[in-house]
Amino acid sequence: MRSRGGELSLGALFVGTLAFLYLPIAVLVGLSFNESGLPTAWGGFSTRWYGELVRDEEIKDAALATLVVALGATTLSVLLGTPLAFGLDRLRSRTLDGLVFVPMIIPDIVYAIAFLSAFNLVFTQKLGQQLGLWSVVLAHATFGIAFVAIVVATRLAHFDHSTVEASLDLGASELRTFLEVTLPQIAPGVIAGALIVFTLSVDEFVIAFFTAGIEVTLPIKIYSMVRFGVTPVVNALAAVVLGVSIVLVLAAMRLRGREEAA
Amino acid sequence: MTDVPEVIRIEGVTKRFGAVTAVDDVTLAIREGEFFGLLGPSGCGKTTLLRMLAGFEQPDAGRLLLDGRDLAGVKPYRRPVNMMFQSYALFPHMTVERNVAYGLRMEGVRKREALARAHEALELVQLQGLAKRRPAQLSGGQKQRVALARALVKRPRVLLLDEPLSALDRQIRSEMQLELKRIQHTVGVTFVVVTHDQEEAITMADRIAVLDRGRVVQLGDPETLYEAPASPFVARFLGESNLFSGTLEFRGDEAFLVDREARWRVDAQAAARSGIAPGRKALAVVRPERMAMVRDPGPGAPTNLVSGIVAEIVYLGAARKVVVDLPDGSSLQVRLESRADASFAPGEAVVVGWAPEDAALVADEDDGAAPQ
């Protein structure tokens with residue numbers, strides 16, 4: 001039997017830790033609905049700042065840029081990461097697994113500098129191509145490919161390869177087999193990987209800041225807005241980004257959970 | 001039987017995986033409508049042979065003919081052959097009926113007709129009610145039936161079955177052996193079944209090829225394999241057996257296997273037929289149920305006798321299996337019907353005997369080799 005005092009202090013610790021985790025978010029979301037716009041005074045509930053957010057053309061442009069980058073990076077990651085997963089599954093080499101895994105843990109700032117140098121060397125100096133959204137797409141796809149490959153490879157580990165042979169045996173060509181048998185079985189893994197990449201790309205700041213040239217993505221826009229203090233519009237914007245991220249992550253988790261159950 | 005046309009002809013087929021020769025110069029003909037068994041221990045090459053017939057592996061040498069047509073380079077999906085996989089390989093994302101209809105849909109059969117024929121196939125395997133289920137909602141036996149229906153729905157020239165019953169419990173397994181036989185009779189398709197289970201092969205197959213290390217060591221109907229094994233390997237692999245060894249000698253009308261300690265009389269005609277040259281080492285194979293066991297050999301006792309001590313008696317229901325230890329450290333197995341004298345007890349001294357006509361003669365594989 002634990003003592004009552006022990007139970008109480010454990011409970012307090014739990015509540016305290018949760019507060020530590022979520023208080024800043026709660027403050028942010030709370031302030032985004034504050035009529036007064038001042039962090040010090042509650043002026044009543046209002047969606048005024050969300051209205052201003054929607055009317056701000058620069059923010060809308062940045063959001064569009066971010067959407068383009070995220071979709072591009074996700075598409076590229078899926079197209080290259082899925083075949084990579086098949087390769088990893090076939091070769092079953094720990095070294096290769098490691099090589100694919102490393103880009104996920106290389107610090108963003110290292111990647112950012114590396115991309116800036118490499119892009120400048122190859123595209124700007126040799127090809128005379130200015131950096132822009134396309135270079136952010138390439139940079140985000142670099143870690144995105146790794147995420148997709150790892151998630152799909154996990155799915156493939158539970159994949160019954162004899163279903164492929166069964167399909168061939170029953171008269172389906174290789175392409176038909178891939179479309180009818182392989183793809184439907186690994187689709188949850190591919191979608192989960194895509195959602196993770198999309199989420200990471202949407203709120204990625206450091207690499208985008210270094211590789212976007214003169215283009216402005218949403219995180220870069222937020223950064224430029226808060227350099228002169230946090231405005232209520234930024235709070236509303238951050239709350240929206242938070243909401244979108246939560247939805248995407250929950251969707252990815254659901255799909256991964258189904259994958260493990262299968 | 002010999003005028004029945006062949007469906008499959010395997011000519012001198014060899015398949016190597018690196019340094020391992022999985023299938024070694026195999027030649028076989030499989031007849032129209034028969035239930036053919038490929039039997040052997042794991043690693044004997046039987047599954048590789050089946051996979052070559054399906055088109056998943058290519059032979060390194062030799063030819064595979066189906067209805068006289070060379071299968072070299074023919075893709076799996078262009079062969080009129082279907083396979084039932086050991087793991088069943090059902091498509092988990094499709095319902096039972098879509099699984100079964102899959103092969104027809106790939107052939108271009110319209111959806112309605114494909115489903116109707118899938119339902120017929122499900123009826124054949126007695127699974128009518130489960131058409132809308134997913135594979136994950138089925139028991140092992142039900143999955144097996146779906147796999148069978150899916151492979152049969154296209155009415156292939158040959159159905160290949162890879163260890164079809166190995167994943168089932170014992171009771172369902174013996175039920176399914178008869179069921180497979182019934183279905184094969186109903187549809188009249190040639191079945192080629194790979195198994196390591198000799199009982200399964202004997203129960204189901206019309207003819208069996210026994211494989212050992214990539215080679216066919218004997219081909220025949222189950223009775224021939226059991227009663228007249230061609231080698232000690234076949235004798236040991238199909239059922240239990242007692243082996244008596246010696247050098248073959250003919251004396252007048254009689255034949256013997258002579259050993260340092262013993263002299264076994266064998267059937268002279270059988271010895272002549274066996275083709276084993278006098279002076280070569282041979283083995284007499286005697287099945288446990290052909291052995292007699294008595295306390296005192298009277299006038300009616302069999303010709304070849306050996307004394308020993310009862311080591312163990314195992315009650316099997318319909319019979320008793322008795323293990324008798326011999327003075328030289330080896331042991332014999334005797335099978336006594338339940339109605340026979342049950343009064344033997346472990347530790348008792350007995351005499352075990354067999355008659356020359358109850359033994360099959362095989363050349364000793366160790367002949368000429370260094371003693372082990």
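So that the names make sense, note that chain A is the first sequence line, chain B the second, and so on, each numbered from 1.
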message: Is there a side-chain contact between A/Thr163 and B/Leu90 in this structure, where contact means two heavy atoms from C-beta onward sitting under 4.5 Å apart?
response: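 No, too far: nothing below the 4.5 Å cut-off.
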- prompt: Do the side chains of A/Ser167 and B/Tyr77 get nearer than 4.5 Å, heavy atoms only?
  reply: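 B/Tyr77 vs A/Ser167: side chains apart.
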message: Using a 4.5 angstrom heavy-atom cutoff, name the option from B/His93, B/Glu107, B/Gln86 with the most pairs to chain A.
response: B/His93
- prompt: Quick one: does B/Lys154's side chain have a donor or acceptor within less than 3.5 Å of a partner on A/Leu170's backbone?
  reply: yes
task: Determine yes or no for a side-chain-to-main-chain donor-acceptor pair under 3.5 angstrom, with A/Asp169 supplying the side chain and B/Pro76 the backbone.
output: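 A pair under 3.5 Å: no.
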query: Do any of residues 174-183 of chain A come closer than 4.5 Å to chain B, heavy atom to heavy atom, and if so which ones, in number order?
result: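 Heavy-atom contacts from residues 174-183 of chain A to chain B are A/Glu174, A/Arg176, A/Thr177, A/Glu180, A/Val181.
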Is it the case that over 12 heavy atoms from other parts of the model lie below 6.0 angstrom from the [atom1] atom of [X]?
X        : atom1 : result
B/Phe17  : CZ    : yes
A/Phe101 : CZ    : no
B/Lys75  : NZ    : no

- prompt: Non-hydrogen atoms of chain A under 4.5 Å away: do they reach the side chain of B/Met94, the backbone, both or neither?
  reply: side chain
- prompt: Does any heavy atom of chain A fall under 4.5 Å from the side chain of B/Arg51, the backbone, both, or neither of them?
  reply: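 The answer is the side chain of B/Arg51.
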- prompt: Nearest heavy-atom pair of B/Ser87 and A/Asp160: which atoms, and what distance?
  reply: OG-OD2, 3.8 Å
query: Taking atom OG of A/Ser173 and atom CZ of B/Arg78, what is their separation to the nearest 0.5 Å?
result: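 Output value for this atom pair is 8.0 Å.
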